[in-house]
Trainee: 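Got a structure for you, written out below as structure tokens; questions coming shortly.
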Amino acid sequence: ELKVEQNPLFLSMQEEKNYTIYCNYSTTSDRLYWYRQDPGKSLESLFVLLSNGAVKQEGRLMASLDTKARLSTLHITAAVHDLSATYFCAVDRPGGTSYGKLTFGQGTILTVHP
Amino acid sequence: DTEVTQTPKHLVMGMTNKKSLKCEQHMGHRAMYWYKQKAKKPPELMFVYSYEKLSINESVPSRFSPECPNSSLLNLHLHALQPEDSALYLCASSQEGQGTSYEQYFGPGTRLTVT
């Protein structure tokens, strides 16, 4: 059974500081996604990582994937209040003959303080 | 258009009622998904449709019945639900097939309360 573990689960950051969220998973996969969810809202796709060594950046967020270590990271640079949200990683495991069968991590609740 | 729409936004139903949730996308995606999300928990996959055929059922109780009438629409029929079924129900869609990313686009969800 695939297990996806994020840490930390709660992250309280000061503005302008840097931090990293980690996502570990238990079985082989080369597809990993990061999503953002604001309270009471749906999930917004942030990054799609499809191969070992993949690195994607958007604004103050950068995500990477190491399939050999079964580890993805989401790095936050110079945090701002607007980044406060819950962040999920999700690992894709083939279901039958196709992909799309996502298992989500527990989520990291990020709060950015002045 | 990268939008997935869901109706209704909120639904309150009794345990003996029958209701349906609807989901629609016009991105030409051929895979559609239903997820259940309880408060402060991650989404849990319920069903996957691929080219309008049910390809994955994650051992969901039969009181939840999915339907895919065409490539743009996905329904979830509800009958004899329990209070513990109260949750946010999310629909998603993605491209399907070799060479695609399978990136899933989520709708806004239906918040269901079972009384």
Side-chain angles (χ1 to χ4, degrees), chain A residues 1-7 9-11 21 23-25 29-51 54 56 58 63 65 74 85-111, chain B residues 2-7 9-10 21 23 25 27 29-60 74 87-111:
Chain A
E1 179 188 349
L2 173 61
K3 291 185 179 179
V4 183
E5 294 187 349
Q6 288 181 233
N7 73 83
L9 300 183
F10 300 92
L11 180 52
I21 299 171
C23 175
N24 291 272
Y25 53 98
S29 175
D30 58 0
R31 289 169 177 259
L32 190 139
Y33 309 84
W34 284 95
Y35 287 90
R36 168 183 171 145
Q37 188 173 36
D38 292 298
K41 303 291 187 181
S42 189
L43 279 78
E44 174 190 356
S45 178
L46 294 175
F47 299 108
V48 178
L49 304 169
L50 298 179
S51 61
K56 297 276 185 76
E58 181 73 35
L65 178 61
L74 180 66
T86 299
Y87 292 84
F88 292 99
C89 64
V91 177
D92 201 340
R93 52 196 164 118
T97 58
S98 179
Y99 286 96
K101 194 175 180 184
L102 295 187
T103 298
F104 283 80
Q106 310 99 307
T108 296
I109 300 174
L110 171 65
T111 306
Chain B
T2 57
E3 189 179 18
V4 177
T5 59
Q6 290 186 244
T7 56
K9 290 185 179 178
H10 301 275
L21 309 184
C23 173
Q25 58 89 13
M27 294 178 277
H29 291 170
R30 301 311 297 270
M32 296 186 78
Y33 311 82
W34 279 115
Y35 289 86
K36 174 182 178 179
Q37 186 179 25
K38 301 282 277 185
K40 301 189 186 302
K41 296 291 187 182
E44 295 178 347
L45 183 65
M46 299 174 70
F47 303 103
V48 181
Y49 271 82
S50 174
Y51 289 88
E52 298 152 55
K53 293 191 186 328
L54 182 65
S55 63
I56 295 175
N57 176 343
E58 291 283 79
S59 302
V60 179
L74 186 66
L88 180 67
Y89 288 84
L90 294 163
C91 172
S93 70
S94 75
Q95 293 177 319
E96 163 85 46
Q98 197 170 16
T100 67
S101 71
Y102 287 85
E103 180 183 9
Q104 294 185 23
Y105 294 83
F106 284 80
T110 294
R111 190 161 300 280

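Proteins come first, then strands; the chains are lettered A, B, ... in the order of their sequence lines, and each starts at number 1.
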Trainee: Please classify the contact between B:Ser101 and chain A as side chain, backbone, both or neither, with a heavy-atom cut-off of under 4.5 Å.
Mentor: both
Trainee: Mind checking side chain to side chain donor-acceptor pair (under 3.5 Å) for B:Trp34 and listing every partner two or more places apart, or none if nothing turns up?
Mentor: none
Trainee: Between A:Ser42 (side chain only) and B:Gly107 (backbone N and O only), is there a donor and an acceptor less than 3.5 Å apart?
Mentor: yes
Trainee: Pick one of side chain, backbone, both or neither for B:Gln6, based on which atoms fall under 4.5 Å of a heavy atom in chain A.
Mentor: neither
Trainee: Given side chains that start at C-beta, do those of B:Tyr35 and A:Leu43 come closer than 4.5 Å, heavy atoms only?
Mentor: no
Trainee: What residue pairs, at least two apart or across chains, pass side chain to side chain donor-acceptor pair (under 3.5 Å) with a residue in residues 36-45 of chain B?
Mentor: A:Gln37-B:Gln37
Trainee: Work out which heavy atom in A:Gly40 is nearest to a heavy atom in B:Arg111; give both atom names and the distance.
Mentor: CA-NH2, 4.1 Å
Trainee: Need one label for A:Leu50: side chain, backbone, both or neither, based on atoms under 4.5 Å from any heavy atom in chain B.
Mentor: side chain
Trainee: Report yes if some heavy atom in the side chain of A:Lys101 is under 4.5 Å from a heavy atom in the side chain of B:Val48; otherwise report no.
Mentor: no
Trainee: Between B:Pro43, B:Ala92, B:Ala39, which has the largest tally of heavy atom pairs under 4.5 Å with chain A?
Mentor: B:Pro43
Trainee: Find out whether B:Tyr102 and A:Arg31 are in side-chain contact, i.e. whether some heavy atom of one side chain is under 4.5 Å from a heavy atom of the other.
Mentor: yes
Trainee: What closest approach, in Å, do A:Phe104 and B:Pro42 show between heavy atoms, and which atom pair accounts for it?
Mentor: CB-CB, 3.6 Å
